[in-house]
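So the structure is just underneath, and the comments pick up after that.
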Amino acid sequence: MDLLADLEARGLIHDSTDRVALAARLSSGPISLYVGFDPTADSLHAGHLVGQLFLRRFQLAGHKPFPLAGGATGMVGDPSGRSDERNLLDPDTLRYNVSRIEVQLQRLLDFSPGTYQAKLVNNADWTEPVRLLDFLRDVGKFVTVNQMLAKDSVRSRLETDTGLSFTEFSYSLLQANDFRHLYEHEGVELQAGGSDQWGNIVAGVDLIRRSVSKTAHALTHPLVTKADGAKFGKSVDGAVWLDPAKTSPYQFRQFWIQVDDAMIGRYLRMFSIQPLAAIAEVLGRHAVAPERRVAQRALADELTELVHGTAALDAARSATEVLFGGDPASASEAALAAVAREVPSSCVRTDELSDLIGLLVSTRLATSNSDARRTLQQNGYRANGALLSESSQLSDVGLVHGRYLLLRKGKSNYHLLEIS
RNA sequence: GGGUCGGUACCCAAGCGGCCAAAGGGAGCAGACUGUAAAUCUGCCGGCUCAGCCUUCGAAGGUUCGAAUCCUUCCCGGCCCA
């Protein structure tokens with residue numbers, strides 16, 4: 001099965017420029033391609049994985065991937081898919097964000113020397129030196145405002161009260177210039193991205209055709225959604241980040257384990273780099289006994305290892321065994337140490353145990369004293385597996401290994417206390 | 001600038017002098033059933049030293065025994081006119 005057919009079967013193709021021409025180009029030999037990531041935050045999130053894995057899939061097929069950090073485009077703000085003007089981030093924040101994202105962009109790809117060696121680029125490198133007048137002559141002259149106004153992202157914004165600033169209006173020119181720059185200096189012939197990027201990508205294809213009379217290709221994937229159509233990549237606590245300091249490997253893995261049955265097949269095809277036949281086999285086993293969550297576990301393990309590494313995956317798994325396995329009171333010391341690294345934890349003195357309500361609030365298992373009381377009345381808390389009530393004394397609960405107290409709210413909210 | 005309608009808890013949205021911490025829906029939290037799923041059902045969903053008390057209904061003043069509800073001024077938004 002060739003690469004395009006594989007991507008198609010995985011539900012990863014939303015749109016492309018001339019499909020026949022692209023297929024012909026891909027089969028004629030290695031191609032260089034890029035996917036851009038703007039530094040809107042100091043970490044990428046789960047949704048970005050589709051784009052990152054796009055590069056990975058091409059690299060595995062022998063092509064050369066260019067992950068791009070949007071140091072320049074991030075300064076301007078992409079209006080695509082937004083109903084209002086973005087707040088500009090200050091340059092220091094952007095530089096910091098770029099530095100964080102670059103670390104993540106290097107994780108999933110092979111950077112060792114070879115024909116398909118990945119190369120990290122930052123569009124600030126070639127955009128910042130460009131002089132305004134040169135830009136207007138070398139880029140602006142090849143683009144008509146008529147076309148730009150026709151784009152959905154622009155047109156929808158023209159009808160709003162806030163409008164669209166010239167800054168954001170210009171965004172697609174910068175991205176188009178990126179594509180042309182990479183085409184001319186790195187031989188990049190294909191740009192991929194989410195379906196919301198179609199207009200920006202095609203702007204680059206057009207610019208390349210008009211200014212240097214060459215053919216470049218565009219390929220977009222559908223944006224990932226949840227079963228209810230809600231935005232993907234958000235968990236209870238917010239976005240699912242790739243930065244382990246923001247979303248721990250344990251939480252990251254849990255996010256995938258908790259995926260609906262209704263979506264797991266689709267996600268597995270979109271996110272797993274396993275062959276489709278292997279995925280079909282996993283889904284087959286899952287269908288026989290869905291309660292075992294075979295498919296969710298397979299996806300969770302694969303992605304956790306890919307993003308956080310084998311050691312982090314092992315730690316997350318052993319933490320999971322304690323938290324969702326049997327009695328936490330019988331967990332080994334090593335397993336509890338793993339739990340401590342993966343779920344929120346804190347150290348308290350013995351005398352602090354007497355203030356149950358206060359402790360529930362300070363561990364963030366309750367948002368206020370009232371909330372703590374309510375949840376206690378509703379049998380929402382357990383300590384080392386024992387149900388707590390308003391009159392419970394934590395000092396009466398036996399510590400595990402003489403110093404651990406595992407607090408749990410509901411089914412999957414934990415906080416580990418280490419008593420000193 | 002004139003007119004007019006509106007600003008209520010995380011969001012939408014009732015209430016229009018006491019029965020209002022404020023209907024209803026959504027989101028969220030807990031419980032039941034399950035499979036760390038979905039659906040369904042139940043409870044909760046401002047705060048507190050919790051049978052009670054305190055602070056809220058754009059802001060500040062005022063009328064009243066009593067105001068989210070009436071009056072004044074101001075701020076913000078929709079629509080119409082200029």
Side-chain angles (χ1 to χ4, degrees), chain A residues 46 83-85 159-163 225-240 247-268 271 282-301 303-304 313 316-328 331 335 338-339 342-344 354-383 385-392 406-416:
Chain A
S83 57
D84 53 2
E85 184 84 6
E159 289 157 13
T160 65
D161 304 316
T162 43
T225 53
K226 297 208 282 191
D228 56 6
K231 200 166 181 179
F232 171 80
K234 300 282 184 190
S235 74
V236 188
D237 307 312
V240 177
T247 299
S248 79
Y250 164 78
Q251 291 168 324
F252 180 83
R253 183 168 177 271
Q254 282 298 309
F255 172 76
W256 298 103
I257 284 186
Q258 288 165 353
V259 165
D260 294 12
D261 286 1
M263 298 303 287
I264 189 60
R266 185 163 167 228
Y267 287 176
L268 209 47
F271 288 98
V282 168
L283 288 174
R285 279 191 288 135
H286 180 264
V288 175
E291 69 279 6
R292 295 183 54 210
R293 312 177 82 77
V294 175
Q296 281 93 336
R297 283 173 209 281
L299 182 61
D301 284 352
L303 292 180
T304 305
L313 170 62
R317 290 177 77 154
S318 52
T320 302
E321 275 166 36
V322 174
L323 301 174
F324 290 98
D327 182 8
V339 171
E342 301 298 342
V343 304
S354 58
D355 182 13
L356 175 58
I357 301 282
L359 212 49
L360 290 174
V361 173
S362 66
T363 55
R364 315 263 309 259
L365 286 175
T367 55
S368 69
N369 292 7
S370 300
D371 183 42
R373 281 204 188 79
R374 270 195 297 270
T375 310
L376 277 168
Q377 284 161 7
Q378 293 176 140
N379 293 334
Y381 292 112
R382 285 170 188 275
L387 188 64
L388 294 176
S389 73
E390 265 193 277
S391 57
S392 293
L406 184 62
L407 295 175
R408 179 181 129 194
K409 177 197 182 193
K411 278 185 177 169
S412 54
N413 301 298
Y414 289 91
H415 190 99
L416 185 69

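Here is how names work: the chains are called A, B, and so on, in the same order as the sequence lines, proteins then strands, and each is numbered from 1. All heavy atoms count here, side chains included; hydrogens, waters and symmetry mates do not.
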Does B:rG31 pair with anything, Watson-Crick or G-U wobble, both distances under 3.5 Å, and if so, with which nucleotide?
B:rC41
Rounded distance in Å - CD (A:E390) to C1' (B:rA51)
13 Å
Readout for nucleotides 44-49 of chain B: B = base within 4.0 Å of protein heavy atom, S = sugar-phosphate only, - = neither; 5' to 3' it is SS-SBS
Could you give the OH-to-P distance, from A:Y381 to B:rC29, as a whole number of Å?
12 Å
A:K411 versus A:F324, closest heavy-atom pair with distance:
O-CE2, 3.8 Å
What about A:R293, does its side chain sit under 3.5 Å from the base of B:rG35 through a donor-acceptor pair?
yes
In whole Å, what separates the P atom of B:rG26 from that of B:rG77?
32 Å
Tell me which nucleotide, if any, is Watson-Crick or G-U wobble paired with B:rG6 when both distances must be under 3.5 Å.
B:rC76
Using the C1' atom as the point on both nucleotides, what is the distance between B:rU8 and B:rG15, in whole Å?
9 Å
So which nucleotide does B:rG1 pair with, by the Watson-Crick or G-U wobble rule with both distances under 3.5 Å?
B:rC81
If we call it a pair only when both distances are under 3.5 Å in a Watson-Crick or G-U wobble match, what pairs with B:rC53?
B:rG47
Whole-Å distance, A:Q254 CD to B:rU36 P, equals 11 Å
Taking only residues two or more places apart in sequence or in another chain, which ones pass side chain to side chain donor-acceptor pair (under 3.5 Å) with A:S392?
A:S389
Roughly, in whole Å, what's the span from CG in A:L376 to P in B:rA30?
13 Å
Residues A:D371 and A:A366: closest non-hydrogen pair is OD2-CA, 3.4 Å
Atom C1', compared across B:rU55 and B:rG43: separation rounded to whole Å
26 Å
Calculate the interatomic distance between A:E321 atom CD and B:rU36 atom C1'; express it in whole Å.
14 Å
Considering every strand shown, what is the Watson-Crick or G-U wobble mate of B:rG61 when both distances are under 3.5 Å?
B:rC71
Interatomic distance where CD1 belongs to A:I257 and C1' belongs to B:rA37 [whole Å]:
12 Å
For A:D355, which residues count as a side chain to side chain donor-acceptor pair (under 3.5 Å) partner, sequence neighbours excluded?
none
Which nucleotide sits closest to the side chain of A:F324: B:rA37, B:rU36, B:rA30?
B:rU36
Heavy-atom closest contact (A:Q258 atom, A:R293 atom, distance)
CA-NH2, 3.7 Å
Distance between P atoms of B:rU69 and B:rU56 (Å, rounded):
13 Å
Now, which nucleotide makes the Watson-Crick or G-U wobble pair with B:rC19, with each of the two distances under 3.5 Å?
none
Quick one: is A:N413 getting a side-chain N or O under 4.0 Å of the B:rU36 phosphate, OP1 or OP2?
no
Please give the distance between the C1' atoms of B:rA9 and B:rC74 as a whole number of Å.
24 Å
Using the C1' atom in both, what is the distance from B:rA21 to B:rA68, to the nearest Å?
11 Å
Smallest heavy-atom separation, A:H286 atom then A:I264 atom, equals CE1-CG2, 4.2 Å
Would the number of heavy atoms belonging to other residues, nucleotides or ligands and lying under 6.0 Å from CZ of A:R364 be above 12?
no
Between B:rG28 and B:rG1, how far is it from one C1' atom to the other, in whole Å?
46 Å
Give me the atom names and distance for the closest heavy-atom approach of A:A295 to A:V282.
CA-CG1, 3.7 Å
Specify the separation, in whole Å, of atom CD of A:Q258 and atom P of B:rG35.
16 Å
Students often get this wrong, so: under 4.0 angstrom with heavy atoms, is A:Q377 touching a base, only sugar-phosphate, or nothing?
nothing
Touch check for A:D261, heavy atoms < 4.0 angstrom, all strands: base, sugar-phosphate only, or nothing?
base
Search all heavy atoms of A:L323 against all heavy atoms of A:Y250 and return the closest pair with its distance.
CD1-OH, 3.1 Å
If only side-chain N and O atoms of A:K411 are considered, is one of them under 4.0 Å from the OP1 or OP2 phosphate oxygen of B:rC33?
no
Report the distance from atom CD1 of A:I264 to atom P of B:rU36, rounded to the nearest whole Å.
15 Å
If I pick the C1' atom on B:rA22 and the same atom on B:rC16, what distance separates them, to the nearest angstrom?
13 Å
Can you work out whether A:R297 or A:N379 has the more 5'-proximal nearest nucleotide on RNA chain B?
A:N379
